[in-house]
Amino acid sequence: MAKELTPRSENYSQWYQDLVIKADLAENSAVRGCMVIKPYGYAIWEKMQAELDRMFKETGHVNAYFPLFIPKSFFSKEAAHVEGFAKECAVVTHYRLKNDEESKEIVVDPDAKLEEELIVRPTSETIIWNTYRNWIQSHRDLPLLINQWANVVRWEMRTRLFLRTAEFLWQEGHTAHATKQEAIDETIKIINVYAEFAENFMAMPVIKGLKSENERFAGAIDTYTIEALMQDGKALQSGTSHFLGQNFAKAFDVKFTNKEGREEYVWATSWGVSTRLMGALVMAHSDDNGLVLPPKLAPIQVVIVPIYKKMEQLGVISEKVDTIVAELKAKGISVKFDDSDNKKPGWKFAEYEMKGVPVRLAMGPRDLENGTVEVARRDTLSKEIVPLEGISEYIERLLEEIQQGIFNKALDFRTKNITKVDTWNEFKETLNKKGGFIWAHWDGTSETEEKIKAETKATIRCLPLDNEQEEGACVYSGKPSKQRVLFGLAY
RNA sequence: CGGGGUAUAGCACAGUCCGGUUAGUGUACCUGCUUUGGGAGCAGGGGGUCGCAGGUUCAAAUCCUGCUACCCCGACCA
């Protein structure tokens with residue numbers, strides 16, 4: 001056995017760790033908290049990027065790029081923002097190294113101290129709004145709809161591959177609008193884009209909602225989120241979209257002249273998803289045999305493994321396979337024919353299962369005789385013998401079925417793990433024994449939320465957007481409540 | 001940042017307590033033959049600054065000090 005995973009039931013976080021490494025997605029690097037994203041993992045990220053980028057452009061956004069470094073003074077202009085990020089910023093203080101004459105080692109040159117220290121961006125609001133000041137004068141310059149693909153650094157105490165790393169890749173959208181309503185609409189438009197992407201491409205059901213004050217982005221008026229439920233019953237915030245009001249416009253003095261000729265501050269939004277989505281993707285679908293990828297994000301959608309005794313047999317199989325490959329490619333399906341002779345079929349089966357390839361075809365002497373091929377599904381681990389006639393249409397349909405199937409499975413899991421709770425005892429018991437989302441009344445105060453967190457570690461994941469209003473009593477304080485909110489343990 | 005653990009061949013580990021031949025096993029790799037429908041078998045072979053830097057000693061993977069990285073549990077956070 002070359003590779004085996006720790007079973008999920010035994011140690012979920014070890015399983016995750018094993019899987020990320022054994023499926024060749026990423027590994028830890030020589031730099032604390034920073035990972036190396038390996039080609040197979042990066043290929044999945046590229047597929048995510050391509051689709052998200054398409055969706056952003058479809059909704060009128062354009063890409064640009066802003067600097068990695070932010071002058072310290074910019075950073076401190078928005079009070080809530082500084083407070084939120086100050087504790088996890090990497091700071092550049094010098095710009096040169098030199099050879100130390102005594103120790104013969106490379107040291108920081110004390111003469112090369114920067115006049116003003118630079119922050120490595122943990123997010124780019126400040127540098128971007130400082131720039132927008134020069135770009136915006138008139139209502140005719142609005143809206144400004146810009147996205148950037150970038151890396152950011154947040155100096156985390158404790159890191160986990162993809163889920164929380166000191167450096168990560170993401171996109172951050174930063175938009176400027178003439179009216180409050182337009183900015184709010186933008187914020188909601190984007191959270192809908194994120195939800196659509198998560199559900200249609202990642203096959204991961206999400207709940208759209210509003211963050212409570214405690215969980216809000218530093219500097220935002222409102223934070224919208226998509227929350228997903230992982231297989232261990234913990235919630236994962238998978239994307240956020242912020243309505244920033246005029247906070248950054250005021251901090252950076254970004255004004256425009258409206259149609260009536262009066263000066264006003266602009267209204268802002270920002271929004272992002274990161275390589276954390278990779279972690280979400282892994283934990284949403286995979287099993288004890290390895291990764292399970294939704295076809296729409298799988299770098300290889302179909303792998304074909306030949307089974308043969310003699311080289312002549314491989315030749316005959318290859319001819320048949322070449323036809324299948326051509327047909328699948330013509331349909332836009334990515335396919336790999338693994339005819340390498342240094343690995344046995346059984347080894348290949350296990351390997352492609354570990355890597356989550358959605359469909360595997362195996363063709364051997366029996367298939368040659370019967371005009372068939374063996375088709376195996378990664379998601380259900382089922383196999384069947386299928387006639388070669390019409391195989392590409394069959395696989396095309398199967399890929400759609402798998403995409404839908406893993407979404408349904410995840411949705412079913414989530415539905416079973418949302419528990420409606422009305423008493424504090426029930427709340428604690430559900431959290432301990434079952435996990436998942438707890439749907440309970442809350443009195444709307446930060447004080448109660450903090451007490452609940454202190455006692456149980458559970459936080460309010462969100463106030464769902466399509467929430468029905470319902471009078472009730474807060475599960476903790478007993479005070480009146482207008483609606484239920486979702487609680488849960490979070491990553 | 002606090003508590004605990006780990007670091008020896010590409011990978012997974014033993015050896016460390018109690019210092020002493022040439023540092024070992026599995027797997028992977030190379031060669032050959034037999035194999036090939038779920039991680040093949042036999043035979044032969046190559047591969048090691050024992051995490052890094054100091055120290056103790058006739059002698060250090062082993063003892064001492066410092067450093068670094070990773071894992072687990074907390075605190076913090078996306």
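All values below were derived from every heavy atom in this structure, side-chain atoms included, with hydrogens, water molecules and symmetry-related copies excluded. Lettering follows sequence order; numbering is per chain, from 1. Small disclaimer: the values here were computed from a predicted structure and weren't measured.
Base contact: E156(A) has a heavy atom under 4.0 Å from a base atom. As judged by a 4.0 angstrom heavy-atom cut-off over every strand, S238(A) is placed among residues making no nucleic acid contact. Nucleic acid contact for T165(A): base, since at least one base atom lies under 4.0 Å from a heavy atom of the residue. At the heavy-atom level, F168(A) lies under 4.0 Å from base atoms of the strands shown. Residue Q17(A) is classed as a sugar-phosphate contact, given heavy-atom separations below 4.0 Å to backbone atoms only. Nucleic acid contact for K211(A): none, since no nucleic acid atom lies under 4.0 Å from a heavy atom of the residue. Nucleic acid contact for R160(A): none, since no nucleic acid atom lies under 4.0 Å from a heavy atom of the residue. Using a 4.0 Å heavy-atom distance criterion, L236(A) is classed as making no nucleic acid contact. Among the heavy atoms of the strands, none lies under 4.0 Å from G239(A).
Using the six-membered ring where Trp is involved, W170(A) and F168(A) have ring planes that are perpendicular, over 60° apart on the 30 and 60° scheme. W129(A) and Y132(A) have perpendicular rings, their planes meeting at more than 60° on a 0 to 90° scale where under 30° would count as parallel. In this structure, F85(A) and F75(A) have perpendicular ring planes: the angle between them is above 60°, well past the 30° mark. Taking the six-membered ring for Trp and thresholds of 30 and 60 degrees, W149(A) and F56(A) have ring planes inclined between 30 and 60 degrees apart.
In this structure, the nucleotide among A75(B), C71(B), G37(B) sitting nearest to the side chain of M157(A) is A75(B). Ranking G74(B), C76(B), G38(B) by closeness to the R158(A) side chain, first place goes to G74(B). Here A69(B) is the nucleotide among C73(B), A69(B), C29(B) with the atom lying nearest to any side-chain atom of R32(A). The Q14(A) side chain lies nearest to C71(B) when the options are C71(B), C76(B), G39(B).
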Report the C-alpha separation of Y194(A) and Y224(A) in whole Å, then their side-chain angles, then the decisive distance to 0.1 Å, and conclude whether the side-chain contact (heavy atoms from CB on, under 4.5 Å) test is met.
-> CA-CA 11 Å; Y194(A) 287 162; Y224(A) 291 79; over 6 Å; no
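Here, U8(B) and G46(B) have their P atoms 23 Å apart, quoted to the whole Å. Using P as the reference atom, U27(B) and C1(B) are 43 Å apart when rounded to the nearest Å. Separating the C1' atom of U65(B) from that of U57(B) is a span of 16 Å, rounded to the nearest Å. The separation of G41(B) from U35(B), taken at their P atoms, amounts to 15 Å, rounded to a whole angstrom. Only the P atoms considered, A69(B) is 24 Å distant from A78(B), to the nearest whole Å. Nucleotides A9(B) and U49(B) are separated by 13 Å at their C1' atoms, to the nearest Å. Between G3(B) and G26(B), the two P atoms lie 40 Å apart (nearest whole Å). Distance noted for atom P between A59(B) and G20(B): 15 Å (whole Å).
Under the Watson-Crick and G-U wobble criteria, each requiring two contacts below 3.5 Å, nucleotide G44(B) is paired to C30(B). Judged by Watson-Crick or G-U wobble contacts below 3.5 Å, the nucleotide U36(B) has no partner. In this structure, G2(B) forms a base pair with C73(B), meeting either the Watson-Crick or the G-U wobble geometry with both donor-acceptor distances under 3.5 Å. Across all strands shown, U21(B) remains unpaired; no Watson-Crick or G-U wobble contact has both distances below 3.5 Å. Both distances falling under 3.5 Å, in either a Watson-Crick or a G-U wobble arrangement, occur for no nucleotide opposite A9(B). The partner of G54(B) is C64(B), judged by Watson-Crick or G-U wobble contacts that both fall below 3.5 Å.
Considering only heavy atoms from C-beta on, I307(A) stays 4.5 Å or farther from E374(A) through its side chain.
A78(B) atom C1' lies 17 Å from atom CE of M278(A), rounded to whole Å. E88(A) has its CD atom 7 Å from the P atom of A78(B), to the nearest Å. The CG atom of D232(A) sits 13 Å away from the P atom of C72(B) (whole-angstrom rounding). R164(A) has its CZ atom 13 Å from the P atom of A75(B), to the nearest Å.
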Would you list the atom pairs, donor with acceptor, under 3.5 Å between side chains in residues 384-392 of chain A and any protein atom, with sequence neighbours excluded?
from    : atom 1 : to      : atom 2 : distance (Å)
E384(A) : OE2    : Y394(A) : OH     : 2.4
S392(A) : OG     : E327(A) : OE1    : 2.8

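In this model, no side-chain donor or acceptor of K344(A) finds a partner on the base of G41(B) within 3.5 Å.
Both tests do not hold together for R164(A) against Y491(A): distance to the six-membered ring centre under 6.0 Å, angle to the ring axis within 45°. Judged by the 6.0 Å and 45° rule, K451(A) forms no cation-pi pair with Y476(A).
With I304(A) as the partner, the side chain to side chain contact (heavy atoms under 4.5 Å, CB included) test is satisfied by one option alone out of V325(A), V373(A), V359(A): V325(A). For the side chain to side chain contact (heavy atoms under 4.5 Å, CB included) test with L236(A), the passing option among M204(A), R276(A), E227(A) is R276(A); the others fail. Checked options N200(A), L281(A), I402(A); the residue passing with P294(A) is L281(A) (criterion: side chain to side chain contact (heavy atoms under 4.5 Å, CB included)).
Each of K343(A) and A218(A) has a nearest nucleotide on RNA chain B; the 5'-most of these lies closest to K343(A). In this structure, K453(A) and A362(A) both approach RNA chain B, and ranking their closest nucleotides by distance from the 5' end singles out A362(A).
Residue N28(A) places at least one side-chain N or O under 4.0 Å from the OP1 or OP2 atom of C71(B). Residue S29(A) places no side-chain N or O under 4.0 Å from the OP1 or OP2 atom of A69(B). Distances shown here put every side-chain N or O of K348(A) at or beyond 4.0 Å from the OP1 or OP2 atom of A40(B).
Remark: the backbone N or O of F413(A) is paired with a side-chain donor or acceptor of N417(A) at under 3.5 angstrom.
Looking at residues 366-379 of chain A, you'll see R366(A), D367(A), E374(A) sit with a heavy atom under 4.0 Å from some atom of RNA chain B. Applying a 4.0 Å cut-off to non-hydrogen atoms, the residues of residues 302-313 of chain A that approach RNA chain B are I307(A), Y308(A), K309(A), listed by residue number.
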